[in-house]
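These notes are about the structure you will find just below.
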Amino acid sequence: MDKREEITIAEYQLTAESFRQGTWNHDVSQNRSALTAAMPRNPGKILDIGCGPGRDLVAFKSQGHTVVGLDATPAFVEIAKKLSGCEVWQQSFLNLDLPEAEFDGIFANASLIHVPSDEMVKVLQDLHKALVVNGAIVMSMCRGNWEGYDERPTGKRYTAGWEYHTLAPCLEQAGFAIVNHYYRPPGLPREAQSWVVMVGRKI
């Protein structure tokens, strides 16, 4: 496994329960709605990549979608299975093994932020293969032009910041058409919006 992933997974493994408590009530319904609106079928089959403890699995399932989770952190896989009742795969982003043309949508909410920039196109190509024709992807990414380890009391996570103009070419190179993008949190001035959300469609 890539050392950058290994170190990041170890930190999440140590903090899985506190992470669940700290993020479970975050409102990302805007991002979930952006995905379902762009999918070719609704309800459809969704892959939640980097599903963490399963908050969005629960939400999508309640809307009638078939949802599969994927995470590299063993503790998250177990928690997500238990809380959502969904199938959850343990895989790392840099070693994805996904069925071809299986999903109507892929939800990547604050997860692909951990993909090193030199690996992003390959990861997006792997996700592209897993989507049906006209399948959609939503990626919520930290804004900025930086990359490296984010030091924490419990370890560190490898994270990269992106802007629309740096991420759009990666999506296009992987075979996606960009259908929308927006910034979060909503209602704030642009410089205070720390997330960029990209909506892409498989072409």
Side-chain angles (χ1 to χ4, degrees), residues 1-24 26 28 31 35 47-57 68-80 88-98 106-130 137-174 176 181 183-185 192-200:
M1 182 180 287
D2 184 280
K3 191 73 178 168
R4 296 166 294 189
E5 279 194 321
E6 206 174 289
I7 288 169
T8 302
I9 293 162
E11 199 280 332
Y12 276 124
Q13 181 72 11
L14 275 176
T15 58
E17 183 53 31
S18 61
F19 183 89
R20 183 193 68 77
Q21 292 173 12
T23 61
W24 194 264
H26 286 183
V28 297
N31 297 347
L35 179 66
L47 175 66
D48 183 356
I49 182 167
C51 66
R55 174 195 64 210
D56 300 309
L57 295 175
V68 175
L70 184 152
D71 208 282
T73 303
F76 282 158
V77 171
E78 290 311 309
I79 295 169
V88 182
W89 301 335
Q90 187 177 327
Q91 295 185 25
S92 77
F93 300 156
L94 303 188
N95 292 284
L96 291 170
D97 180 18
L98 302 174
I106 292 177
F107 193 60
N109 192 81
S111 56
L112 300 184
I113 60 173
H114 299 305
V115 173
S117 60
D118 60 345
E119 297 279 0
M120 182 58 80
V121 171
K122 177 192 176 292
V123 172
L124 289 173
Q125 286 170 337
D126 287 342
L127 297 177
H128 184 273
K129 288 175 195 163
I137 186 170
V138 164
M139 305 167 64
S140 177
M141 306 292 280
C142 307
R143 291 182 64 200
N145 182 28
W146 45 266
E147 184 167 3
Y149 288 105
D150 176 13
E151 298 281 350
R152 293 162 183 270
T154 45
K156 54 190 180 179
R157 301 176 192 166
Y158 194 90
T159 311
W162 296 84
E163 295 290 353
Y164 174 81
H165 68 274
T166 55
L167 192 52
C170 296
L171 278 157
E172 288 164 348
Q173 201 177 327
F176 289 98
H181 78 282
Y183 297 90
R184 284 178 51 85
Q193 292 176 309
S194 53
W195 296 87
V196 58
V197 182
M198 309 283 281
V199 185

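Residue indices begin at 1 and follow the sequence shown.
Atom-to-atom distance recorded for D126:CG and F93:CZ is 12.0 Å, nearest 0.5 angstrom. Taking CE from M1 and CD1 from I7, the interatomic distance works out to 12.0 Å, rounded to the nearest 0.5 Å. Rounding to the nearest 0.5 angstrom, the gap separating the NZ atom in K3 from the OG1 atom in T8 is 11.0 Å. Between atom CZ of residue R152 and atom CZ of residue R157 there is a gap of 3.5 Å, rounded to the nearest 0.5 Å. Taken from CG in N31 to CE in M198, the straight-line distance is 13.0 Å, to the nearest 0.5 Å. We find the CG-SG distance between L124 and C170 to be 6.5 Å, quoted to the nearest 0.5 Å.
Residues A16 and I79 come closest through the heavy atom pair CB-CD1, 4.1 Å. The nearest pair of heavy atoms linking G144 to W146 is CA-NE1, 3.4 Å. Taking both residues in full, the closest heavy atoms of T154 and L14 are given as O-CD1, 3.3 Å, listed atom of the first, atom of the second, then distance.
Of the possible donor and acceptor atoms, one in the side chain of Q13 sits under 3.5 Å from a partner among the backbone N and O of A75. Here the side chain of E5 pairs no donor or acceptor atom with the backbone of S92 at under 3.5 angstrom.
Each of V77, L70, D71, D97 was checked for a side-chain contact (heavy atoms from CB on, under 4.5 Å) with W89, and the lone residue meeting it is L70.
Partners of F176 under the ring-ring contact (aromatic ring centres under 6.0 Å, His included) rule, at least two apart in sequence or in another chain, are H128.
Between Y164 and R143, the closest side-chain pair of non-hydrogen atoms is not below 4.5 Å. Counting heavy atoms from C-beta outward, V28 and S140 have side chains that stay 4.5 Å or more apart. Using a 4.5 Å cut-off on side-chain heavy atoms (C-beta onward), M139 and W162 make no contact. For the pair V199 and L35, the minimum side-chain heavy-atom distance is 4.5 Å or more. No side-chain heavy atom of V68 sits less than 4.5 Å from a side-chain heavy atom of C51.
Residue K129 qualifies as open at atom NZ: its count of foreign heavy atoms under 6.0 Å is 12 or below. Shown here is N145, whose CG atom has no more than 12 heavy atoms of other residues, nucleotides or ligands within 6.0 Å.
The residues K156 and E11 are annotated as not salt-bridged, no charged nitrogen and carboxylate oxygen being separated by less than 4.0 angstrom.
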Verdict with supporting geometry, Q90 and F76, side chain to side chain contact (heavy atoms under 4.5 Å, CB included): CA-CA 9 Å; Q90 187 177 327; F76 282 158; over 6 Å; no
For residues 110-117, please give each side-chain donor-acceptor pair under 3.5 Å, one per line with the distance, not counting sequence neighbours.
{"unit_1": "S111", "atom_1": "OG", "unit_2": "I49", "atom_2": "O", "d": "2.8"}
{"unit_1": "H114", "atom_1": "ND1", "unit_2": "Y158", "atom_2": "O", "d": "2.8"}
{"unit_1": "H114", "atom_1": "NE2", "unit_2": "Y12", "atom_2": "OH", "d": "2.7"}
{"unit_1": "S117", "atom_1": "OG", "unit_2": "E147", "atom_2": "OE1", "d": "2.7"}
{"unit_1": "S117", "atom_1": "OG", "unit_2": "E147", "atom_2": "OE2", "d": "3.3"}

